[in-house]
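Worksheet: the structure to be examined is printed underneath.
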Amino acid sequence: MRVNDKELYVNEILGLLEQEYPQARTTLLYKTPFQLLVAVVLSAQTTDKQVNKITSSLFEEVSGPDDVLSLGITLLKEKIKGAGLYHQKSQQIMETSRLLCEKYDGVVPQNRKELMSLPGVGRKTANVILGTAFDIPALAVDTHVSRVSRRLGLTAGKNVLEIEKDLCRVVPTQKWSSIHHRLINHGRQICQARKPFCEHCLLKLYCKYYTENKELPKI
DNA sequence: AACTCGGGGCA
DNA sequence: TGCCCAGAGTT
């Protein structure tokens, strides 16, 4: 497929996704970049429903890293109980808050290197923050995005870096944060790993696994 | 690339 | 019960 055809193809897919998911905002609750950071850290191995339950009360008291410090590790752990892996996450959030206050004047940095130096913040979380809170072009590739991208033939890569690189070539990154949420919603609601609802999928004619009747990658 | 970490919701 | 969830860190 030529590059122009590929762009056309991607634009058609993005148009259908926009039609399916008109609202282009995150399902995660947050008002400050720091709250987004905490919400994304909590979301590992935890359903967004559970994350929202925790953050809706936590964020009444916590809006910046200094609030976490004054809360203390014991109360913090108590408040995020219910998230998966909350023992290590409470320590990571505490340490990250301490680093932000001491080295970054309490402000969440706006570049990937510094973000990833914070405990609990990996490449995916860093890219979500850059793209969503700061509107900086950054593609956050998680399991849903990688699965949907592979099924639609937007990438041939398997690991996240390859997929991120492939997507950068075909997706308009200035609109990424909205596209990101749509790909995720599609992956969670329709294009599920084990039981995809292909009959309800607006994109099925673009899916090589559907049209070629191949076995779906189940990631 | 494989492995560990592990609370809670849901069938 | 068994499976899964908007991952990161270490080896």
Side-chain angles (χ1 to χ4, degrees), chain A residues 17 20-21 23-31 33-59 73-74 76-97 99-100 108-109 112-134 138-151 157-164 167 171 176-197 216-219:
Chain A
L17 273 176
E20 189 171 4
Y21 306 101
Q23 81 295 0
R25 46 189 187 80
T26 176
T27 56
L28 291 174
L29 263 40
Y30 73 98
K31 289 176 188 162
F34 179 75
Q35 288 182 339
L36 177 61
L37 189 156
V38 173
V40 179
V41 169
L42 290 178
S43 67
Q45 298 304 96
T46 309
T47 57
D48 60 334
K49 195 174 173 184
Q50 195 70 7
V51 172
N52 282 336
K53 193 189 296 180
I54 294 170
T55 53
S56 63
S57 88
L58 179 67
F59 291 168
I73 183 70
T74 309
L76 176 65
K77 185 182 282 192
E78 186 69 29
K79 285 199 160 290
I80 70 171
K81 187 186 289 184
L85 315 178
Y86 75 94
H87 292 97
Q88 59 196 56
K89 283 180 187 171
S90 58
Q91 295 190 2
Q92 288 171 335
I93 292 171
M94 183 59 67
E95 178 65 9
T96 285
S97 302
L99 279 171
L100 286 176
V108 178
R112 186 181 292 127
K113 188 178 178 182
E114 289 179 331
L115 282 171
M116 287 181 66
S117 75
L118 301 168
V121 179
R123 188 177 183 89
K124 187 243 166 182
T125 304
N127 282 0
V128 170
I129 294 169
L130 291 174
T132 304
F134 299 133
L139 311 190
V141 176
D142 59 20
T143 54
H144 294 299
V145 172
S146 67
R147 181 175 68 251
V148 173
S149 300
R150 285 171 59 190
R151 288 178 177 175
K158 292 194 83 171
N159 69 55
V160 287
L161 278 181
E162 288 172 357
I163 295 172
E164 188 178 319
L167 288 179
V171 168
W176 175 248
S177 65
S178 59
I179 293 169
H180 174 67
H181 300 304
R182 288 180 179 129
L183 284 177
I184 283 186
N185 286 335
H186 184 67
R188 292 198 312 178
Q189 297 171 26
I190 307 288
C191 196
Q192 297 182 3
R194 304 280 174 181
K195 288 185 188 173
F197 298 103
L216 291 161
K218 297 191 191 309
I219 298 183

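In what follows, every chain begins at residue 1, and chains take the letters A, B, ... in the order their sequences are listed.
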## Note on the structure
A:Ile179 atom CD1 is separated from C:dA6 atom P, nearest whole Å, by 20 Å
### Validation row: A:Asn159, A:Ser146 side chains within 4.5 angstrom (heavy atoms)
no
### Task
For C:dG9 versus B:dG8, give the span between their C1' atoms, rounded off to a whole number of Å.
23 Å
### Summary
Rounded to whole Å, CG of A:Leu115 lies from P of C:dG9 at a distance of 12 Å
### Summary
Tested for side chain to side chain contact (heavy atoms under 4.5 Å, CB included) against A:Ile93, the lone hit among A:Leu118, A:Leu37, A:Leu42, A:Ile73 is A:Leu42
### Task
Enumerate the residues from residues 84-97 of chain A whose closest heavy atom to DNA chain B is under 4.0 Å, giving them by residue number; use none for an empty result.
A:Gly84, A:Leu85, A:Tyr86, A:His87, A:Gln88
Please write out each protein N/O paired with an N/O of nucleotides 1-3 of chain C under 3.5 Å, distance rounded to 0.1 Å.
none

### Task
Run the numbers on A:Leu115 and A:Thr125 for side chain to side chain contact (heavy atoms under 4.5 Å, CB included), then give the verdict.
CA-CA 9 Å; A:Leu115 282 171; A:Thr125 304; over 6 Å; no
## Note on the structure
Here the salt bridge (Lys or Arg N to Asp or Glu O under 4.0 Å) pairs for residues 82-97 of chain A, sequence neighbours left out, are A:Glu95-A:Arg98
Pull out every protein N or O sitting under 3.5 Å from an N or O of nucleotides 9-11 of chain B, one pair per line with the distance.
unit_1, atom_1, unit_2, atom_2, d
B:dC10, OP1, A:Lys49, NZ, 3.1

### Query
In whole angstroms, how far is the P atom of C:dC5 from the CG atom of A:Asn185?
15 Å
### Message
Work out how far the C1' atom of B:dA2 is from that of C:dA6, and round it to whole angstrom.
### Response
23 Å
### Task
Check whether any side-chain heavy atom of A:Leu99 lies under 4.5 Å from a side-chain heavy atom of A:Pro119, and answer yes or no.
yes
### Message
Looking at A:Arg188, I'd like to know whether one of its side-chain N or O atoms comes within less than 4.0 Å of OP1 or OP2 on C:dA6.
### Response
yes
### Message
Within the 4.0 Å heavy-atom criterion, would you say A:Leu118 contacts the bases, only the backbone, or no part of the nucleic acid?
### Response
sugar-phosphate
Check residues 79-88 of chain A and write down every donor-acceptor pair under 3.5 Å in which the side-chain atom is one partner and the other belongs to a residue at least two apart or another chain.
unit_1, atom_1, unit_2, atom_2, d
A:Lys79, NZ, A:Glu61, OE2, 3.2

### Query
Does some side-chain heavy atom of A:Thr55 sit less than 4.5 Å from a side-chain heavy atom of A:Tyr30?
no
### Task
Give the rounded distance in Å between these two atoms: CD1 of A:Ile129 and P of C:dA6.
18 Å
### Query
Is A:Val121 touching bases, backbone alone, or none of the nucleic acid, heavy atoms closer than 4.0 Å?
sugar-phosphate
### Message
With a 4.5 Å cut-off on side-chain heavy atoms, are A:Tyr21 and A:His186 touching?
### Response
yes
### Query
Atom CD1 of A:Ile80 and atom P of B:dG7: how far apart are they, to the nearest Å?
12 Å
### Message
Please confirm whether the shortest side-chain N or O distance from A:Thr125 to OP1 or OP2 of C:dA8 is below 4.0 Å.
### Response
yes
### Query
Roughly how many Å is it from CE in A:Met116 to C1' in C:dA8, rounded to a whole number?
9 Å
### Message
The criterion is side-chain contact (heavy atoms from CB on, under 4.5 Å); which residues satisfy it with A:Asp142, sequence neighbours excluded?
### Response
A:Lys124, A:His144, A:Val145, A:His180, A:Ile184
### Query
Counting only N and O atoms by type, is there a donor-acceptor contact under 3.5 Å from the side chain of A:Ser43 to the main-chain atoms of A:Val40?
yes
### Task
Provide, to the nearest angstrom, the distance between the CG atom belonging to A:Asn52 and the C1' atom belonging to B:dG7.
17 Å
### Query
If each of A:Gly120 and A:Leu28 is mapped to the nucleotide of DNA chain C with the nearest heavy atom, which maps nearer the 5' terminus, i.e. the 5' end?
A:Leu28
### Task
Grab the NE2-P distance between A:His144 and C:dC4 for me, whole Å please.
12 Å
### Heavy-atom closest contact (A:Leu100 atom, A:Pro109 atom, distance)
CD2-CD, 3.7 Å
### Distance-minimising heavy-atom pair for A:Ala138 and A:Leu130
CB-CB, 3.9 Å
### Proximal nucleotide (of C:dG7, B:dA1, B:dG8) relative to the A:Lys81 side chain
B:dG8
